[in-house]
Amino acid sequence: MSTIPPGPPAMDGLDHVNLPCSDLDEGIKFYTEVLGGKKLVHEAAFAMFELRGTHIGIGSDGCTFIAANDEYPHVGLTCNAEALVQMKEWLTACGIPSSNFWTRQGVETMMFFRDPWGNNIGLYCLGGYEGAEDLPRGPAKGHGTAVDIDAISYDSWSVPGKK
């Protein structure tokens with residue numbers, strides 16, 4: 001009789017994603033004031049936030065960072081077309097560059113931006129963005145030439161009206 005399971009069990013869902021940061025206080029400000037997350041945990045070198053049902057943690061010890069021109073890894077968040085446009089405007093107001101809107105199939109609309117440590121965050125609108133069919137197209141995997149991923153790096157940012 002075999003003791004090898006027939007395959008992996010079905011998982012219940014995604015619990016959390018942890019990302020590196022070099023300044024925990026700045027990370028807390030970014031994930032609460034820019035992305036609207038609710039802080040759930042705050043320890044000496046770690047904080048965790050809830051963003052629309054997804055838990056995102058940031059840690060400042062024992063971390064590695066991705067290269068500036070890499071797309072992967074990234075965190076993908078879904079939103080509707082109105083929220084996509086509003087987030088792009090909000091990021092601009094905060095001094096945070098974001099990529100152009102782009103698509104793969106002419107239905108969905110996507111964009112990238114980074115947190116202050118270079119972690120990529122993608123917004124993914126499943127449909128409803130007017131003009132999606134005319135956006136630059138990326139390949140089935142990755143962004144190809146549809147996005148200049150290097151152009152979304154930055155050194156400083158601020159929340160409007162806050163010091």
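No experiment lies behind these values; they were computed from the predicted model shown. Every heavy atom of this structure was used, including side-chain atoms; hydrogens, water molecules and symmetry mates were not.
Within a 6.0 Å sphere centred on CD of E82, other residues, nucleotides and ligands contribute 12 heavy atoms or fewer.
Between the side chains of Y31 and D115, at least one donor-acceptor pair of N or O atoms lies under 3.5 Å.
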| task | Apply side chain to side chain contact (heavy atoms under 4.5 Å, CB included) to L135 and Y129, showing your working. | result | CA-CA 10 Å; L135 293 172; Y129 180 79; 4.1 Å; yes
| said: Using side chain to side chain contact (heavy atoms under 4.5 Å, CB included), reason through T32 and K38 one step at a time and then give a plain yes or no. | reply: CA-CA 6 Å; T32 58; K38 177 183 175 188; over 6 Å; no
| request: Walk me through it: do H42 and M48 pass the test side chain to side chain contact (heavy atoms under 4.5 Å, CB included)? | output: CA-CA 7 Å; H42 184 181; M48 183 171 280; over 6 Å; no
| request: Please assess E108 against Y124 for the test side chain to side chain contact (heavy atoms under 4.5 Å, CB included), listing each intermediate value before the final yes or no. | output: CA-CA 7 Å; E108 77 292 344; Y124 186 73; 3.7 Å; yes
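Considering only residues two or more places apart in sequence or on other chains, W117 meets the side-chain hydrogen bond (donor to acceptor under 3.5 Å, both in side chains) condition with S22. Remark: T145 engages no residue in a side-chain hydrogen bond (donor to acceptor under 3.5 Å, both in side chains) (not counting sequence neighbours).
Side-chain N or O atoms of R104 include one that pairs as donor or acceptor with a backbone N or O of P139 at under 3.5 Å. In this structure, the side chain of N119 engages the main chain of P20 through a donor-acceptor pair within 3.5 Å.
R114 is listed as a side-chain neighbour of I149, based on a closest heavy-atom distance under 4.5 Å. Residues M110 and C125 are not in side-chain contact: their nearest non-hydrogen atoms beyond the backbone lie 4.5 Å or more apart.
At a threshold of 4.5 Å between side-chain heavy atoms, the hydrophobic network of Ile, Leu, Val, Met, Phe, Trp and Tyr places V41 and L35 in two separate groups. Taken together through direct or relayed side-chain contacts under 4.5 Å among Ile, Leu, Val, Met, Phe, Trp and Tyr, W157 and L19 form part of one hydrophobic cluster.
A side chain to side chain donor-acceptor pair (under 3.5 Å) check over residues 83-97, counting only residues at least two apart or in different chains, returns the pairs K88-S98.
Considering all non-hydrogen atoms of both residues, T109 and A132 come closest at OG1-CB, 3.5 Å. For the residue pair E50 and R52, the shortest heavy atom distance occurs at OE2-N, 3.0 Å. Scanning all heavy atoms of the two residues, the minimum distance from P160 to A93 falls at CG-O, 3.5 Å. Summarising the geometry of V34 relative to L91, their closest heavy-atom pair is CG1-CD2, 3.8 Å, with the distance given to 0.1 Å. Minimum heavy-atom separation, P97 to S153: CG-O, 3.7 Å. When all heavy atoms of A47 and I28 are compared, the pair lying nearest together is CB-CG1, 3.9 Å.
The distance from atom CZ of F46 to atom CD1 of I58, rounded to the nearest 0.5 Å, is 8.5 Å. Separating the CZ atom in F113 from the CD1 atom in I121 is a distance of 4.0 Å, to the nearest 0.5 Å. Here the OG atom belonging to S60 is positioned 5.0 Å from the CG atom belonging to L24, to the nearest 0.5 angstrom. Atom NE2 of H16 and atom CD1 of I56 lie 11.0 Å apart (nearest 0.5 Å). For the atom pair C94 SG and Y154 OH, the distance stands at 9.0 Å (nearest 0.5 Å). Between the CG atom in D61 and the CD atom in E43 there is a gap of 11.5 Å [rounded to 0.5 Å].
Partner of S99 under the side-chain contact (heavy atoms from CB on, under 4.5 Å) criterion, out of N120, V147, L123: V147 alone.
The aromatic ring centres of H55 and F49 sit 6.0 Å or more apart.
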